[in-house]
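Working notes, beginning with the structure itself.
The shown structure was predicted, so the numbers you read here are calculated from the model rather than taken from an experiment.
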Amino acid sequence: FDWFFGGLQFHLVHHVLPKLPRHQYRKTTKILNELLYQHMDNFETDTVTFWQAVIGTLCHLKKVSMEYGAWNVMKESMYTGEIPQSQHKV
């Protein structure tokens with residue numbers, strides 16, 4: 001299921017070893033975490049379930065869209081069936 005998450009579960013490895021081939025990420029993540037646990041007193045990994053991540057992402061997207069008014073535009077277009085036009089000049 002690595003393809004499903006887009007590699008986000010290997011974010012740390014990607015930044016520590018940016019040229020590492022993707023097929024090595026899973027094995028390297030285990031090694032890197034073991035090294036960090038051994039050599040850093042306060043190292044913690046943030047573990048969330050798939051559904052916690054999905055719900056957290058959706059809540060954040062809703063908060064941001066409400067903050068910038070995009071939610072109202074999307075809600076209005078659902079009722080009218082019209083695609084909203086961008087207000088920005090290109």
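- Contact annotation: the side chain of T28 never approaches that of V16 to less than 4.5 Å [non-hydrogen atoms, C-beta and beyond].
- Ring orientation note: the planes of H11 and H14 are close to parallel, at an angle under 30° on the 30°/60° scale.
- Using a 4.5 Å cut-off between side-chain heavy atoms of Ile, Leu, Val, Met, Phe, Trp and Tyr, with links allowed through other members, I31 and Y37 fall into different hydrophobic clusters.
- At a threshold of 4.5 Å between non-hydrogen side-chain atoms, the residues L32 and L17 do not count as touching.
- The nearest pair of heavy atoms linking V13 to Y25 is CG1-CD1, 3.9 Å.
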Can you give each donor-acceptor pair under 3.5 Å made by side-chain atoms of residues 51-58, sequence neighbours left out, with the distance rounded to 0.1 Å?
{"residue": "Q52", "atom": "OE1", "partner": "T49", "partner atom": "N", "Å": "2.7"}
{"residue": "Q52", "atom": "OE1", "partner": "T49", "partner atom": "OG1", "Å": "3.4"}
{"residue": "T57", "atom": "OG1", "partner": "A53", "partner atom": "O", "Å": "2.8"}

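- Under a cut-off of 6.0 angstrom, the local environment of NE2 in H60 is sparse, with at most 12 non-hydrogen atoms contributed by other residues, nucleotides or ligands.
- Here the closest non-hydrogen pair linking F10 and R26 is CE2-CA, 3.5 Å.
- Expressed to the nearest 0.5 Å, how far OG1 of T29 lies from CD of Q24 amounts to 10.5 Å.
- Residues passing the side chain to side chain donor-acceptor pair (under 3.5 Å) test with H39, sequence neighbours excluded: none.
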